[in-house]
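Inspection log for the structure reproduced underneath, given as structure tokens.
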Amino acid sequence: MSEAVGTLEKKDGNEKVGPSEFIKQTREELNKVSFPSSDDVKGTTLIVVLNVIFFAIFLYLVDHGWVYVLQAIEWIVNKIVGL
């Protein structure tokens, strides 16, 4: 994966740079960036998709479980009250 790399050192924190120097510094910073490989992207995408599917199913079942429990409580209360 990526490594932490130090930023460009400035002579003065308030120093303004021209457009050409800004572009040069930007290119230097972009050369330090490491991008994930195609296999890394495919692997993490698969993990994310499987997690989304798992939690969607899990939350669907939990929701329907709570509906069942609340309907049971409602039925019990109605029997006690006599409605």
Side-chain angles (χ1 to χ4, degrees):
M1 288 289 170
S2 62
E3 299 176 5
V5 179
T7 59
L8 291 174
E9 296 178 13
K10 291 183 181 179
K11 296 176 186 172
D12 183 10
N14 297 328
E15 178 183 336
K16 293 186 179 184
V17 296
S20 62
E21 183 64 25
F22 174 77
I23 291 171
K24 178 185 171 197
Q25 290 176 356
T26 303
R27 287 187 181 179
E28 288 175 9
E29 288 295 318
L30 282 175
N31 287 333
K32 297 177 185 178
V33 175
S34 64
F35 294 97
S37 68
S38 177
D39 289 337
D40 287 341
V41 173
K42 289 176 186 175
T44 53
T45 301
L46 179 64
I47 291 170
V48 168
V49 169
L50 291 177
N51 277 313
V52 167
I53 291 170
F54 170 77
F55 282 108
I57 293 170
F58 174 75
L59 291 174
Y60 175 81
L61 294 174
V62 168
D63 182 51
H64 279 279
W66 275 111
V67 168
Y68 179 75
V69 168
L70 292 175
Q71 286 177 346
I73 292 172
E74 181 184 12
W75 181 82
I76 292 170
V77 170
N78 285 339
K79 288 295 181 183
I80 292 172
V81 174
L83 294 176

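Put simply, Leu61 and Leu70 are part of two different groups of oily side chains (I, L, V, M, F, W, Y) that touch within less than 4.5 Å, one to the next. The same ILVMFWY cluster, assembled from side-chain heavy atoms under 4.5 Å apart, contains both Trp75 and Ile80. The hydrophobic cluster containing Ile23 does not contain Val33, counting ILVMFWY residues as joined when their side-chain heavy atoms lie under 4.5 angstrom apart, directly or transitively. Residues Ile57 and Tyr60 are members of one and the same hydrophobic cluster, defined by side-chain heavy-atom contacts under 4.5 angstrom among Ile, Leu, Val, Met, Phe, Trp and Tyr.
Using a 4.5 Å heavy-atom threshold, the side chains of Glu21 and Lys24 count as touching.
A perpendicular orientation is assigned to the rings of Phe58 and Phe55, their planes being inclined by more than 60° (bins at 30° and 60°).
Using a distance-only test at 3.5 Å, with no hydrogens or angles considered, a donor-acceptor pair links the side chain of Asn31 to the main chain of Arg27.
Between the CD1 atom of Ile47 and the CG atom of Leu50 there is a distance of 8.0 Å, given to the nearest 0.5 Å. Atom CG of Asn51 sits about 11.5 Å away from atom OG1 of Thr44, to the nearest 0.5 Å. Atom-to-atom distance recorded for Asn78:CG and Ile73:CD1 is 12.0 Å, nearest 0.5 angstrom.
Take Tyr68 and apply the ring-ring contact (aromatic ring centres under 6.0 Å, His included) test, not counting sequence neighbours, and it matches no residue.
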